[in-house]
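Please read the structure below before turning to the comments.
Index from 1, following the sequence. Counting starts at 1 for both ligands and their atoms, following the listed order. Below, all heavy atoms of this structure are taken into account, side chains as well, without hydrogens, waters or symmetry copies.
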Amino acid sequence: MEAAVAVSHGRPPVASAGGFRAVRLGKDAKGATTAEVATLDNGELPPGNVVVRIAYSTLNYKDALAITGQSPVVRKFPMVPGIDFAGTVEHSADARYQVGDRVLLNGWGVGETHWGGLAQRACVRADWLVPLPASMSERSAMCIGTAGYTAMLSVMALEARGIAPEAGVILVTGANGGVGSIAIALLSRLGYAVTASTGRLEEAPRLKALGATCVMDRRVLGEPGKPLQKEAWAGAIDCVGSHTLANVLAGIRYGGAVAACGLAQGMELAGSVAPFILRGVALEGVDSVHASFARRTVAWARLARELPGEVVEANTREISLVQALVVAPELLRGQVRGRVVVDVNR
Ligand code: NDP
C-alpha cells in the first residue's frame, strides 16, 4: 500500500492528474441514452478505496441493455458501464490488497450505479473485489466473465439440491449465450448429460463441441404449455424465464431442480404450482450480483480448475472499447455466440 493513499470510501486514492479511456453513457435532450468512448479524468473517478488498472472487461447481457438504453439498468448519469473487469491494483487504502495484486470484480451495482469495467481504470470498494485465481490470466477470467461465474453458481445450486450426474439429463436454455454456453461446458466436464435448448439449431455442432449430448429447438418451450408434462430432465439451468421456465418446470422429473438465472425471453413466470406440489420440484434462484465473498471465491476457484482454457478461448470473441458500442445491440438481438471479451486498452 502506498503512504499517499490512506483514503477509505472517500474520494479515489489516486492523484487527479491524468486520464483514462472509457465508455461513457449519458442522456440527450429527449432523454435517450447516448454512448461514446471518451477520455475521463482520474479526478472524476467515483469514491472507493482501491484503484484498479483494468486489463479486460466483457460485454454481458446487462451491459448491452445499459449501452443501448433498452432497459433502465443504469440509475445514474454519466455512467461507465461494465458489470465486470479483471486487472491489477494500482492504489489501495485497504490492507487486503496491495499494489500489483491481480483482482477481478463481478456485480455489486458496478456499471449500473457505480462506474464500471468498460474503462482503463476503476475505483471500487475492496469488499467487491476477488483475488484472481493464480492459474488464471486477466483475459481468461473475462472470457468467463459474469456469465461464466453465473453458470458456475447455477451448477452449484443444482449440486446443493443433490442433482448428481446419475440423476439424469440436465437441460440448459439460452444455450448459445454466455451463461448457457459455459453452463454446458461445465456440466459436461462434471459428467452430466446435457440437452441444449436454442433458437439457433445451425449452431448444434458448436454446442455439441462444448459438451451438449442433445440439442433441441427452443420453440418447443417458448409458448404456454400444460402444467405437468413428460418427466424429461433431472434438472435445468434456465437463462430465459417466461413461458420457457414454466415449461421447463413442468418437464422436470420427480425431485428434480431448476436453477433460474435469466430472463432473455421475459421476466414473467406464468406457470402453475403443480411441479412443486406433485413432483417435489425445486426452483432455485441464482443471483451473481450480491453473492457472498465465500461463494464467489469458491465459484472462481472451481472455474479455474474445471474449465479448460482452450474451451474458454474457443467460446470467446475479443473486441475493443469502441466495438463494444456496436456489438451491444447485436447481443440483444441474439446474434452473438458465447462470450465477448473487451480489451479496454485498444
Ligand atoms: P446472452 O445474450 O449471451 O444469451 C442469451 C441467450 O438466450 C441467447 O443467446 C439466446 O440463446 C437466448 N434467447 C435470447 N432471446 C430469447 C428469447 N426471446 N426467447 C428464448 N431465448 C432467447 O446473455 P447471457 O448468457 O449473458 O445472460 C443470459 C441471461 O442471464 C440474461 O437474461 C441475463 O440478464 C441473465 N444473467 C443473470 C445473472 C444473475 O446474476 N442472475 C448474471 C448474468 C446474466 P439461443 O440463441 O441459443 O436460443
Partner of N315 by side-chain hydrogen bond (donor to acceptor under 3.5 Å, both in side chains), out of R339, R206, E310
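The single option meeting the side-chain hydrogen bond (donor to acceptor under 3.5 Å, both in side chains) with N315 is R206.
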Considering only the protein, which heavy-atom contact is closest to [atom], and what is its distance?
atom                    : value
atom 47 (O) of ligand 1 : T198 OG1, 2.6 Å
atom 36 (N) of ligand 1 : C261 O, 3.6 Å
atom 43 (C) of ligand 1 : T150 OG1, 3.6 Å
atom 34 (O) of ligand 1 : Y61 CD2, 3.4 Å
atom 25 (O) of ligand 1 : V179 N, 2.8 Å
atom 9 (O) of ligand 1  : R200 NH2, 3.1 Å
atom 4 (O) of ligand 1  : G177 CA, 3.1 Å
atom 32 (O) of ligand 1 : L263 N, 2.9 Å

Could you tell me whether ligand 1 has any atom less than 4.0 Å away from a heavy atom of [X]?
X    : result
N60  : no
G334 : no
K62  : no

Might you work through the side chain to side chain donor-acceptor pair (under 3.5 Å) test for D84 and T58, ending with a clear yes or no?
CA-CA 7 Å; D84 49 18; T58 80; 2.9 Å; yes
Check residues 64-77 and write down every donor-acceptor pair under 3.5 Å in which the side-chain atom is one partner and the other belongs to a residue at least two apart or another chain.
{"unit_1": "T68", "atom_1": "OG1", "unit_2": "A64", "atom_2": "O", "d": "2.7"}
{"unit_1": "T68", "atom_1": "OG1", "unit_2": "L65", "atom_2": "O", "d": "3.3"}
{"unit_1": "T68", "atom_1": "OG1", "unit_2": "Q70", "atom_2": "N", "d": "3.3"}
{"unit_1": "R75", "atom_1": "NH2", "unit_2": "P72", "atom_2": "O", "d": "3.4"}
{"unit_1": "K76", "atom_1": "NZ", "unit_2": "T113", "atom_2": "O", "d": "3.4"}

If we check side-chain contact (heavy atoms from CB on, under 4.5 Å) with V172, which of these qualifies: D238, L207, V194?
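Answer to the side-chain contact (heavy atoms from CB on, under 4.5 Å) test with V172 among D238, L207, V194: V194.
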Considering [options] one by one, which has a heavy atom nearer to [atom] than any of the others?
atom                    : options                : value
atom 10 (C) of ligand 1 : H243, E330, R218       : R218
atom 18 (N) of ligand 1 : G285, A264, G241       : A264
atom 6 (C) of ligand 1  : G180, S154, G174, A260 : G174

Electrostatic pair R139-D343, nearest N-O below 4.0 angstrom
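No, this pair does not count.
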